[in-house]
Amino acid sequence: MTFEEKTLSREVVYEGRILNLIKEEVMTVSGQPAIREMIEHNGGVGLVAITSDNKIIMVKQFRKALERDMLEIPAGKLEKGEDPLEAAARELEEETGYKAENIEFMTRYYPSVGYIRECLYLYLCTGLSKGEAHPDDDEAIDTYMYTMEELEKLIAEGNLQDGKSMAALYAAKLRLCSAK
């Protein structure tokens, strides 16, 4: 049986440019109040972009939260009220310089349902044409090309650790295998 916690009070502890920190007092299933701390985020998009020779475009950039470079799929945050499909096309071009003839929605997922209100939309991008990348002023992004097999090996070895990339690559593999 599912129990829905009733919110007794809500406080915005911090309101930032890309996220908010929320503190809510709730009534639990035991009848006792409890505090829930959550992060609100507008969400984002993640892209599995596949070239005509079946290479997947990956990006590497420094991530301050981890104090190191991370290999990831191209991705980005949604602006408030922005359509995820439009954000997918925008982010692909900004980060990689590529434009996609076909952008196909694969799935959406919630990265950490225990404390983050964030939804990521994952897309498969094909029919690519190369252009000029134009990342945000505060981004330094390098692009790389991998086969699906090479990326699977990196995941198996623990060398590709970004959750959205692993989820998106798995969704893309399922999509591509079912299309055969």
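Atom set for the values below is all heavy atoms of this structure, side chains included, hydrogens, waters and symmetry mates excluded. For reference, positions follow the sequence shown, starting with 1.
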Q: Closest heavy-atom contact between Leu78 and Pro84?
A: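 Reported closest heavy-atom pair: CD2-CA, 3.7 Å.
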Q: Would you please name every residue forming a salt bridge (charged side-chain N to carboxylate O under 4.0 Å, His left out) with Lys153, sequence neighbours left out?
A: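 If we apply the salt bridge (charged side-chain N to carboxylate O under 4.0 Å, His left out) test to Lys153, skipping adjacent residues, the hits are Glu157.
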Q: Do Ile103 and Leu176 belong together in a cluster built from hydrophobic side chains that touch within less than 4.5 Å?
A: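 As far as the 4.5 Å side-chain criterion goes, Leu176 and Ile103 are not connected within one cluster.
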Q: Roughly how far, to the nearest 0.5 Å, is the CD atom of Glu152 from the OH atom of Tyr170?
A: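 Between Tyr170 OH and Glu152 CD, I get 11.0 Å after rounding to 0.5 Å.
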Q: For Arg90, give me all partners under salt bridge (charged side-chain N to carboxylate O under 4.0 Å, His left out), at least two apart in sequence or on another chain.
A: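 Partners of Arg90 by the salt bridge (charged side-chain N to carboxylate O under 4.0 Å, His left out) criterion, ordered by chain and then number, come out as Glu82, Glu94.
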Q: Look at the side-chain heavy atoms of Ile, Leu, Val, Met, Phe, Trp and Tyr, link any pair under 4.5 Å apart, and say whether Leu151 and Val48 land in one connected group.
A: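 Yes, because Leu151 and Val48 connect within a single hydrophobic cluster, where side-chain heavy atoms sit under 4.5 Å apart.
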Q: What's the spacing between Ile50 CD1 and Thr147 OG1 if we round to 0.5 Å?
A: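 If we round to the nearest 0.5 Å, Ile50:CD1 and Thr147:OG1 are 11.0 Å apart.
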Q: Tell me every residue that passes side-chain hydrogen bond (donor to acceptor under 3.5 Å, both in side chains) with Thr51, counting only those two or more places apart in sequence or in another chain.
A: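 Thr51 satisfies side-chain hydrogen bond (donor to acceptor under 3.5 Å, both in side chains) with Asp53 once adjacent residues are dropped.
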Q: Does anything in residues 72-110 pair up under ring-ring contact (aromatic ring centres under 6.0 Å, His included), and if so which pairs, sequence neighbours excluded?
A: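 Residue pairs passing ring-ring contact (aromatic ring centres under 6.0 Å, His included), neighbours aside: Phe105-Tyr123.
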Q: Honestly curious: do Tyr121 and Leu124 fall in one hydrophobic cluster under the side-chain, below-4.5 Å linking rule?
A: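 No, Tyr121 and Leu124 fall in different hydrophobic clusters.
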Q: In the single-linkage hydrophobic clustering (I, L, V, M, F, W, Y; side-chain heavy atoms under 4.5 Å), do Met70 and Ile155 co-cluster?
A: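 No; Ile155 is not reachable from Met70 via cluster members.
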Q: At what distance, to the nearest 0.5 angstrom, does CD1 of Ile22 lie from CD1 of Ile39?
A: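 Between atom CD1 of Ile22 and atom CD1 of Ile39 there are 10.0 Å.
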Q: Might you point out which heavy atoms bring Ser178 and Arg175 nearest each other, and give the distance in Å?
A: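 Closest heavy-atom pair between Ser178 and Arg175: OG-O, 3.0 Å.
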Q: Please list, chain by chain and in numerical order, all residues satisfying salt bridge (charged side-chain N to carboxylate O under 4.0 Å, His left out) with Lys6, sequence neighbours excluded.
A: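 Residues passing salt bridge (charged side-chain N to carboxylate O under 4.0 Å, His left out) with Lys6: none at all.
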Q: Just jot down the side-chain hydrogen bond (donor to acceptor under 3.5 Å, both in side chains) partners of Asp162, sequence neighbours excluded, or say none.
A: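 Applying side-chain hydrogen bond (donor to acceptor under 3.5 Å, both in side chains) to Asp162 gives Lys164, Ser165.
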Q: How about Gln161 and Leu66: do any of their side-chain heavy atoms sit closer than 4.5 Å?
A: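 Counting from C-beta outward, Gln161 and Leu66 never come under 4.5 Å.
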Q: Does Ala75 offer a backbone N or O that forms a donor-acceptor pair with the side chain of Glu95 under 3.5 Å?
A: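 Such a contact is found between Glu95 side chain and Ala75 backbone.
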Q: Looking at Leu160, Leu71, Ile57, Leu169, which one forms a side-chain contact (heavy atoms from CB on, under 4.5 Å) with Tyr146?
A: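 Single pass found, and it is Leu71.
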Q: Taking Glu93's backbone N and O only, do any of them form a donor-acceptor pair with Thr96's side chain (distance below 3.5 Å, no angle check)?
A: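 Checking the backbone N and O of Glu93 against the side chain of Thr96, no donor-acceptor pair under 3.5 Å is found.
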Q: Rounded to the nearest 0.5 Å, what's the gap from NZ on Lys55 to CD on Glu150? Could you check?
A: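 Lys55 NZ to Glu150 CD: 5.5 Å, rounded to 0.5 Å.
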Q: If you link I, L, V, M, F, W and Y whenever their side-chain heavy atoms are under 4.5 Å apart, who else ends up in the same group as Ile141?
A: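 For the cluster that includes Ile141, the remaining residues are Val59.
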Q: Which donor-acceptor pairs under 3.5 Å do side chains of residues 9-17 form with protein atoms, sequence neighbours excluded?
A:
residue: Arg10; atom: NE; partner: Glu24; partner atom: OE2; Å: 3.3
residue: Arg10; atom: NH2; partner: Glu40; partner atom: OE2; Å: 2.5

Q: Distance check, rounded to the nearest 0.5 Å: Ile56 atom CD1 versus Ile73 atom CD1?
A: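 Between atom CD1 of Ile56 and atom CD1 of Ile73 there are 10.0 Å.
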Q: Restricting to side-chain contact (heavy atoms from CB on, under 4.5 Å), what partner residues turn up for Glu67, sequence neighbours left out?
A: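 With neighbours one apart ignored, the set is Phe62, Lys64.
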Q: Compare every heavy atom of Tyr115 with every heavy atom of Glu37, then report the nearest pair and how far apart it is.
A: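 Of all heavy-atom pairs spanning Glu37 and Tyr115, the closest is O-CB, 3.6 Å.
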Q: Applying side-chain contact (heavy atoms from CB on, under 4.5 Å), can you list everything that pairs with Glu5, at least two apart in sequence or on another chain?
A: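 Glu5: side-chain contact (heavy atoms from CB on, under 4.5 Å) contacts with Phe3, Val26, Thr28, Arg36.
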Q: Calculate, to the nearest 0.5 Å, the distance between atoms CD and CG belonging to Glu72 and Leu47 respectively.
A: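 Glu72 atom CD to Leu47 atom CG measures 11.5 Å (nearest 0.5 Å).
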Q: What pairs with Lys80 under side-chain contact (heavy atoms from CB on, under 4.5 Å), at least two apart in sequence or on another chain?
A: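 For Lys80 the side-chain contact (heavy atoms from CB on, under 4.5 Å) partners, ignoring immediate neighbours, are Asn42.
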Q: Check for me, please, whether Met27 and Met38 land in the same ILVMFWY cluster - side-chain distances under 4.5 Å, paths through other members count.
A: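 In one cluster with Met27: Met38, no.
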Q: Side chains of Ile116 and Pro111, heavy atoms from C-beta outward: is any pair under 4.5 Å?
A: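 They are not in contact (no side-chain heavy atoms under 4.5 Å apart), so the answer is no.
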Q: Who pairs with Thr107 by side-chain contact (heavy atoms from CB on, under 4.5 Å), at least two apart in sequence or on another chain?
A: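 By the side-chain contact (heavy atoms from CB on, under 4.5 Å) rule, Thr107 matches Leu122, Ala171.
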